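From a predicted model like this one, the values you see are computed outputs, not experimental measurements.
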Amino acid sequence: MTTNIQGKVVAITGASSGIGEATARLLAQQGAKVVLGARRQERLEVLAKELTAAGGEARVRAVDVTKREDVEGFVRFTVEQFGRLDVLINNAGVMPLSLLEKLKVDEWDRMIDVNIRGVLHGIAAALPVMKRQKSGQVINLSSIGGHAVSPTAAVYCATKFAVMAISEGLRQEVGGDIRVTVISPGVTTSELAESISDSNARDVMREFRKVAIPADAVARSIAYAISQPADVDVSEIIIRPTASPY
């Protein structure tokens, strides 16, 4: 199938599971050259082999988005492999929910490091490349939590509100040649809930996730944004289960 995705070089963080993995599968199927990044390199290797066996093009690079030098290396590797970077998908994220009174400060710091600094590191690495190319697209994963706050999710929601603000600021600043898209999924099948250490918050989330949409539903929204003509910027997509009240 010939689409505006075919031949594009797409780098994806958090590609070892969930939305990142589903997006890699879909984009590779549609002809993109995908570069898979995550901390769990062994999972990336398995995924890359599957994509290659199905006729796709995929490369692997371990990356910890909390480390700026890692993300710079990830983008540099992408350009070395394929000569350019058309799309960066800042997808890596964590969600260890808990009431603020539990004082899980280390978990707050982790969310800030991954969900905010990780996105900023991606932008810092990709923007110079895209400026030189005079083209590119940055896709940042926010959340429905970037639009409304709920108990146990104050810090998580704060990080996702930040992603919304950063994305909008970037869109206004770059203009013209570079597109910026923010995707805000509602409850989606993923491993995010496994990072919740607080038992009460974990139980609530398990109940909430009974209406979760599959990760490939979010992948399709990402593919939609990428597939538009260069002069069309899909700035924001909210995608959630029909049955979800949030």
Side-chain angles (χ1 to χ4, degrees), residues 1-65 70-92 118-119 121-141 174 177-183 215-234 237:
M1 179 173 63
T2 301
T3 68
N4 200 36
I5 292 172
Q6 191 163 25
K8 283 191 172 178
V9 177
V10 183
I12 308 169
T13 67
S16 61
S17 65
I19 292 170
E21 177 185 351
T23 301
R25 291 185 184 279
L26 180 61
L27 296 181
Q29 182 183 21
Q30 295 189 3
K33 302 172 182 178
V34 296
V35 181
L36 313 175
R39 289 178 301 156
R40 297 176 294 187
Q41 185 166 346
E42 67 285 350
R43 285 203 182 189
L44 299 178
E45 297 284 0
V46 171
L47 176 57
K49 286 179 182 177
E50 292 178 11
L51 299 182
T52 302
E57 287 192 69
R59 302 288 189 274
V60 166
R61 171 85 177 210
V63 60
D64 180 344
V65 299
D70 262 26
V71 183
E72 289 174 343
F74 179 59
V75 168
R76 187 165 55 248
F77 173 79
T78 300
V79 176
E80 288 169 353
Q81 291 294 307
F82 292 116
R84 59 185 296 108
L85 171 62
D86 295 302
V87 185
L88 173 66
I89 302 176
N90 283 313
N91 168 70
V119 169
H121 290 163
I123 291 169
L127 199 53
V129 176
M130 293 179 179
K131 285 281 193 181
R132 287 196 300 270
Q133 294 173 171
K134 299 188 184 303
S135 68
Q137 183 173 15
V138 176
I139 299 179
N140 296 326
L141 270 291
V174 293
D177 299 324
I178 300 171
R179 302 188 294 176
V180 181
T181 300
V182 60
I183 307 287
D216 64 277
V218 182
R220 290 194 299 273
S221 72
I222 293 171
Y224 171 79
I226 296 172
S227 68
Q228 300 307 302
D231 62 343
V232 176
D233 187 354
V234 178
I237 296 176

Check your understanding: With a cut-off of 6.0 Å (strictly less than), are more than 12 heavy atoms of other residues, nucleotides or ligands near CZ of Phe77?
Key -> yes
Exercise for review: Please name the pair of heavy atoms, one in Asn90 and one in Gly118, separated by the smallest distance, quoted to 0.1 Å.
Suggested key: OD1-O, 4.1 Å
**Study point:** From CA spacing to verdict: side chain to side chain contact (heavy atoms under 4.5 Å, CB included), Arg84, Val79
**Key:** CA-CA 5 Å; Arg84 59 185 296 108; Val79 176; 5.9 Å; no
Practice item. Could you please spell out the steps behind the side-chain hydrogen bond (donor to acceptor under 3.5 Å, both in side chains) verdict for Ser16 and Arg39? Key: CA-CA 8 Å; Ser16 61; Arg39 289 178 301 156; over 6 Å; no
Review point. Which heavy atom of Ser221 sits nearest a heavy atom of Ile237, and at what distance?
Key: O-CD1, 3.5 Å
Study note, to complete from the structure: So the salt bridge (charged side-chain N to carboxylate O under 4.0 Å, His left out) pairs with at least one residue in residues 22-33 (sequence neighbours excluded) are Glu21-Arg25, Arg25-Glu50
Exercise for review: Check Ala11 against Thr78 and note the closest heavy-atom contact, atom names and distance.
Suggested key: CB-OG1, 3.8 Å
Practice item. List the steps and the verdict of side chain to side chain contact (heavy atoms under 4.5 Å, CB included) for Val87 and Val9. Key: CA-CA 6 Å; Val87 185; Val9 177; over 6 Å; no
Check your understanding: Looking at residues at least two apart in the chain, or sitting in another chain, which of them share a salt bridge (charged side-chain N to carboxylate O under 4.0 Å, His left out) with Arg76?
Key -> none
Review point. Nearest 0.5 Å, what's the CD1-CD1 distance between Ile19 and Ile183?
Key: 9.5 Å
Point to revise | Check: His121 side chain, Val71 main-chain N or O, donor-acceptor pair, under 3.5 Å | key: no
Point to revise | Nearest-0.5 Å distance, CD1 of residue Ile89 to CD1 of residue Ile139 | key: 4.5 Å
Check your understanding: Looking at Val34 and Phe82, what are the two nearest heavy atoms and their distance?
Key -> O-CE1, 4.4 Å
Exercise for review: Give a yes-or-no answer on whether the side chains of Arg40 and Ser17 include a donor-acceptor pair shorter than 3.5 Å.
Suggested key: yes
**Study point:** Interatomic spacing from OG1 in Thr181 to CG in Asn140 - rounded to 0.5 Å
**Key:** 9.0 Å
**Study point:** Side-chain donor-acceptor pair present, Ser135, Arg179, cut-off under 3.5 Å
**Key:** no
Review point. What's the spacing between Ile178 CD1 and Leu127 CG if we round to 0.5 Å?
Key: 5.0 Å
Practice item. Show your reasoning for whether side chain to side chain contact (heavy atoms under 4.5 Å, CB included) applies to Asn91 and Thr23. Key: CA-CA 10 Å; Asn91 168 70; Thr23 301; over 6 Å; no
Practice item. Check whether any side-chain heavy atom of Leu141 lies under 4.5 Å from a side-chain heavy atom of Ile222, and answer yes or no. Key: yes
Check your understanding: Is the backbone N or O of Leu85 less than 3.5 Å from a side-chain atom of Gln133, with the two atoms forming a donor-acceptor pair by type?
Key -> yes
Revision key, fill the gap. Nearest heavy-atom contact between Ile5 and Ala223 is CD1-O, 3.5 Å
Practice item. Could you point out which residue of Leu36, Leu44, Asp70, Val35 forms a side-chain contact (heavy atoms from CB on, under 4.5 Å) with Val63? Key: Asp70
Review point. Which heavy atom in Ala58 sits nearest to a heavy atom in Leu51, and how many Å separate them?
Key: CB-CD1, 4.1 Å
Revision key, fill the gap. Rounded to the nearest 0.5 angstrom, the CZ-OG distance for Arg220 and Ser227 is 13.0 Å
Practice item. List the steps and the verdict of side chain to side chain contact (heavy atoms under 4.5 Å, CB included) for Gln228 and Asn4. Key: CA-CA 7 Å; Gln228 300 307 302; Asn4 200 36; 5.7 Å; no
Study note, to complete from the structure: In this structure, CE of Met130 is separated from CG of Asp177 (nearest 0.5 Å) by 12.0 Å
